[in-house]
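Here the structure is laid out as structure tokens; the discussion comes afterwards.
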Amino acid sequence: MNDFLNLSLAEARTRLAARDISSTELTKAYLDRIEATASLNAYITITHEQAMLGAAQSDARLAKGEGGILEGIGIAVKDLFCTNGVQTTAASRILDGFIPMYESTVTTNLWNAGAILLGKTNLDEFAMGSSNTTSYYGAVESPWRSTDAPDKKLVPGGSSGGSAAAVAARSAIAAIGTDTGGSIRQPASFSGIVGMKPTYGRCSRWGIIAFASSLDQAGPMTRTVEDASILLQVMASYDPKDSTSAQAAMPNLLSDLNKSIKGMIIGVPIEYQIDSLPEETSKIWKQGVNWLKSEGADIVYISMPHTKYALATYYIIAPAEASSNLARYDGVRYGLRINEKNITDMYTHTRTEGFGEEVKRRILLGTYVLSSGYYDAYYLKAQKMRNLLYQDFNQAFEKVDTILTPTTPSDAFEIGDNKDDPLKMYLQDVFTVPASLVGLPSISVPVGLSKRGLPIGLQVIGRMFDENSVVRIGRTLERAAQFKAMTAMVEDTTKDE
Ligand code: GLN
């Protein structure tokens with residue numbers, strides 16, 4: 001039992017192919033674990049029967065020596081990916097009970113490679129948030145507890161908090177999430193796992209419930225960099241159904257993964273050393289720099305002067321796009337409908353009751369910055385700033401191969417913290433939004449623990465379509481950091497069993 005829960009995805013593949021373990025055993029172990037860790041509220045829907053059926057089919061294929069790259073491996077899927085015949089909610093009341101009649105391209109790619117759906121994971125409503133506390137289905141609890149207040153429940157980060165908590169608590173070997181401004185990387189950092197956002201356009205957005213279409217990207221959430229590479233390789237594909245899908249073929253991410261980084265040039269942007277950066281985050285960042293230096297990389301301190309405007313830019317562009325994308329939820333086509341005498345009242349009541357506070361805040365913000373009279377002052381200005389951020393990165397990448405920064409300013413906070421202070425909550429995203437606005441690949445790798453015994457991650461940002469360098473530097477950090485810390489919840493279970 002322990003054995004199953006502690007396998008990496010790469011190890012599970014090898015053992016399944018060797019017929020040393022069966023998919024039925026593996027899948028059952030994870031379904032049991034989902035039940036045992038139900039208090040975390042990481043899953044909205046558990047596809048028990050479908051998973052066991054899929055496992056039996058995988059076992060039959062494996063017995064014949066057949067099967068895809070992920071044959072027989074159960075994956076947890078953020079409940080923002082449409083899954084054919086399986087409820088898909090975006091953690092919103094307005095989509096409660098919505099059962100898609102089609103499958104997203106990314107999940108189709110997973111199933112074509114032999115993977116099995118374990119269940120749909122919880123998230124912040126419509127992926128808006130950094131705490132996974134705005135879900136209509138309740139907050140997700142992190143499996144981690146701090147050493148100074150072990151009775152306090154912490155957030156797993158967000159918005160892909162259910163996926164992060166599931167991987168950290170070992171109720172999924174791997175999960176997928178989406179990242180618009182940090183929603184894979186920030187929860188990965190808070191939960192002590194690896195999370196990667198590929199280049200914009202690598203993974204098809206088709207069938208992913210839209211938040212901000214010029215920023216949304218799918219990506220893997222795993223325990224190791226190797227697992228993230230394996231999963232991303234399967235997720236990514238050119239898709240004519242997504243007009244922004246990239247035609248460029250994904251290089252083999254595993255081929256260079258363990259190669260030496262000697263001679264590679266790593267940029268350290270001085271503007272990321274913000275005043276409010278806690279000393280311990282700064283220290284871990286320096287440690288990361290030293291690890292890469294001792295592996296033979298050259299370190300260059302770079303300036304990216306527009307960094308300080310990235311957060312404000314993001315919080316204009318993302319809500320603007322969201323306000324447009326969310327216009328389709330009108331009580332006519334999907335989910336909730338509050339019947340009223342006339343259509344205007346029906347729209348109003350459906351949307352008032354169907355959307356939560358944060359989603360409404362974003363719709364208001366987005367509508368405001370797009371309205372005539374304010375469009376030039378906010379939206380247009382933000383687009384211009386986005387262009388300057390491109391230039392910052394372009395100039396940096398003339399000198400360096402990848403950029404190293406912290407993923408988040410601090411470690412995880414308590415459930416309920418920052419709730420009444422949206423600005424403080426938005427500050428969570430200060431280090432992740434620049435790469436999102438520019439569409440660059442980036443990874444968060446767990447490298448250490450804070451004074452309170454909570455995980456801290458470092459972020460590696462790469463050039464457009466250079467996922468290879470990102471995973472290679474990520475793997476080097478992982479090897480150097482030897483991050484083995486486990487949540488008490490995982491340790492306890494390991495002992496009990
Ligand atoms: N935390 C950011 C936000 O609330 C990012 C969310 C995301 O990446 N989906 O918008």
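Bear in mind the structure is a predicted one, so any value in this text is a computation, not a measurement. Read the numbers this way: they start at 1 and go in the same order the structure lists the ligands and their atoms. Starting from 1, each residue takes its place in the sequence as its number.
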Exercise for the section: Write out the protein residues near ligand 1, meaning a non-hydrogen atom under 4.0 Å from one of its atoms, in order of chain and number. Expected result: Ala127, Met128, Gly129, Ser130, Ser159, Asp179, Thr180, Gly181, Gly182, Ser183, Phe211, Tyr314, Tyr315, Arg362, Asp429
Handout entry: Salt bridge present between Glu141 and Arg145 (N-O < 4.0 angstrom)
Key = yes
Identify each donor-acceptor pair in which a side-chain atom of residues 229-236 lies under 3.5 Å from a protein atom, sequence neighbours left out, and give them as a table.
unit_1 : atom_1 : unit_2 : atom_2 : d
Ser229 : OG     : Val225 : O      : 2.9
Gln233 : OE1    : Leu253 : N      : 2.8
Gln233 : NE2    : Pro251 : O      : 2.9

Practice task
Could you note down all residue pairs passing salt bridge (charged side-chain N to carboxylate O under 4.0 Å, His left out) where residues 365-374 supplies at least one of them, sequence neighbours left out?
Solution key: none
Exercise for the section: Considering only NZ, NE, NH1 and NH2 on the basic side and carboxylate oxygens on the acidic side, decide whether Lys120 and Asp79 come within less than 4.0 Å. Expected result: yes
Problem - Asn132 (side chain) donor-acceptor with Gly157 (main chain) under 3.5 angstrom - result: no
Practice task
Could you tell me which residues satisfy salt bridge (charged side-chain N to carboxylate O under 4.0 Å, His left out) with Asp148, sequence neighbours excluded, listed by chain and number?
Solution key: Arg452
